[in-house]
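Below is one structure; the comments refer to it alone.
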Protein chains: 2
Amino acid sequence: MSAKPRIERAALEVFAAHGVDGATTKLIAARAEVSEGAIYRHWKSKDELAIGLFMAAHKRLSDLIEAEAGAVHGVEAKAAALVKAYCTAADEDWTLFSFHLLQLHHFLPYYQDDGRDPVTLVETIIKYAMLKMELPPGDPRVVAAMAIGVITQTAQNRAYGRLGEDALSAHAGLMTAAVQAVLKAR
Amino acid sequence: MSAKPRIERAALEVFAAHGVDGATTKLIAARAEVSEGAIYRHWKSKDELAIGLFMAAHKRLSDLIEAEAGAVHGVEAKAAALVKAYCTAADEDWTLFSFHLLQLHHFLPYYQDDGRDPVTLVETIIKYAMLKMELPPGDPRVVAAMAIGVITQTAQNRAYGRLGEDALSAHAGLMTAAVQAVLKAR
DNA sequence: CGCTTGCAAGTAAATGCTCACATACTGGTC
DNA sequence: GACCAGTATGTGAGCATTTACTTGCAAGCG
């Protein structure tokens with residue numbers, strides 16, 4: 001098999017485990033069973049590799065949110081769809097999503113806020129629902145953070161090995177109920 | 001003033017901003033206005049410095065949880081007390097708590113689980129409340145993760161500058177209501 | 001051939017850390 | 001108080017190692 005996809009997989013694993021700064025090109029190459037030089041045939045630098053991988057996950061997640069939220073009506077339904085979609089996607093490519101989840105803060109300076117990052121999208125949905133009186137009023141930034149936190153912290157704890165090996169989807173029902181409760185709580 | 005506390009402050013800031021691996025001893029020394037050698041008068045290595053700072057925050061948070069939860073009866077009251085206490089402590093020493101929050105994953109391998117880390121403590125409280133029928137049954141690990149996520153994600157977004165400069169306590173009421181809703185949701 | 005992909009050895013720079021030296025504090029003795 | 005040894009604290013030049021990245025060469029392939 002060609003080296004590029006093997007490098008991508010290996011890099012995701014190493015970045016997720018050690019962080020971008022803690023990961024070494026040697027380790028990535030070793031895990032991909034490839035020489036270090038091979039990395040630089042496909043990427044200009046370690047950082048470009050990391051940013052490329054992160055942005056792929058970031059865009060995939062943003063697209064997912066837009067698609068799922070656009071397909072149904074009402075915040076309740078949107079919340080349920082989003083939770084389920086996130087769980088499914090994460091289970092399908094856990095390496096990619098745990099990397100995205102755990103290393104988010106490293107890439108904050110990089111993605112320009114065009115309003116298409118996951119957090120802003122959720123904020124927008126909530127703001128709109130408040131306007132339509134579907135939700136009680138409140139700071140949409142905080143409500144969005146709290147609702148997202150229900151998902152991300154659960155996923156993080158799974159990544160840390162605190163929840164066993166069950167798929168994230170196994171908890172989708174509980175998480176959906178919790179998110180909907182957060183949205184309405186005041 | 002002596003160098004040690006200045007180094008500690010500088011290290012917290014640099015670790016929080018760049019991560020433990022991304023932080024350099026040169027940068028820490030420069031920010032503390034101290035020579036690099038001064039660091040090694042007080043700590044054996046950069047990692048020991050980082051671990052010391054983290055463990056101090058970790059223990060302080062654990063003690064806080066035990067004290068606050070032990071002082072009142074009933075999950076509802078415990079939840080309210082914990083949220084308020086965390087917000088107050090975080091506002092009092094935001095540098096310390098944002099470092100703890102953002103770099104947690106770096107130190108996971110280090111703290112042995114004697115059941116006294118914050119997450120396990122919350123899990124125990126929830127498990128006990130379920131036994132006493134104060135809460136509907138459900139996986140306590142997941143419920144704890146979700147409840148904690150409400151707080152941590154909000155605090156993280158504040159650290160990322162997404163919530164303005166308001167104190168975290170400004171949102172304590174909203175967060176308390178959300179946490180209590182999560183605990184009861186099913 | 002021409003082009004892409006991979007390797008092995010190597011390089012320059014950065015990083016964590018050390019060490020010889022200087023200075024400031026501490027407490028006991030006269 | 002004056003003296004002084006002993007210790008703790010800070011400096012800054014520098015060392016060994018690691019790290020990201022480069023380069024010359026060869027193999028596969030249309």
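Chain naming here is simple, since letters A, B, ... match the order of the sequence lines and numbering starts at 1 in each.
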Measure all distances between protein nitrogen or oxygen atoms and nitrogen or oxygen atoms of nucleotides 18-22 of chain D, and list the pairs falling under 3.5 Å.
residue, atom, partner, partner atom, Å
D:dA20, OP1, A:Ala23, O, 3.1
D:dA20, OP1, A:Lys46, NZ, 2.9
D:dA20, OP2, A:Thr25, N, 2.9
D:dA20, OP2, A:Thr25, OG1, 2.9
D:dC21, OP2, A:Tyr40, OH, 2.9
D:dC21, OP2, A:Lys46, N, 2.7
D:dC21, N4, A:Glu36, OE2, 3.4

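Taking the six-membered ring where the residue is Trp, the centroids of A:Phe54 and A:His100 are separated by under 6.0 Å. Taking the six-membered ring where the residue is Trp, the centroids of B:His18 and A:His105 are separated by 6.0 Å or more.
Note: B:Met175 CE to B:Leu82 CG = 11.5 Å, rounded to the nearest 0.5 Å.
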Query raised in the report: Where do A:Lys4 and A:Glu8 land on the side-chain contact (heavy atoms from CB on, under 4.5 Å) test, with the steps shown first?
Result: CA-CA 6 Å; A:Lys4 193 172 176 184; A:Glu8 285 173 337; 4.1 Å; yes

Requested in this report: Begin with the C-alpha distance, continue with both residues' side-chain angles, and end with the deciding distance and a verdict on salt bridge (Lys or Arg N to Asp or Glu O under 4.0 Å) for A:Lys184 and A:Glu76.
Outcome: CA-CA 10 Å; A:Lys184 284 178 282 187; A:Glu76 294 246 337; 2.9 Å; yes

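Scored by the salt bridge (charged side-chain N to carboxylate O under 4.0 Å, His left out) test, B:Lys84 finds no partners at all (sequence neighbours excluded).
Between the side chains of B:Thr120 and A:Arg162, a donor-acceptor pair is found at a separation under 3.5 Å. Looking at B:Thr152 and A:Gln153, their side chains do bring a donor and an acceptor atom within 3.5 Å of each other.
Atom CD1 of B:Ile39 is separated from atom P of D:dA8 by 20 Å (rounded to the nearest Å). Following rounding to the nearest Å, A:Arg41 (CZ) and D:dC25 (C1') show an atom-to-atom distance of 10 Å. One atom, CD of B:Glu33, and another, P of D:dG10, lie 14 Å apart when rounded to the nearest Å.
Residue A:His42 places no side-chain N or O under 4.0 Å from the OP1 or OP2 atom of C:dT4.
Over its full length, the helix from C:dC1-D:dG30 to C:dC30-D:dG1 turns its helical axis through 10°, comparing axes from the five pairs at each end and rounding to 10°.
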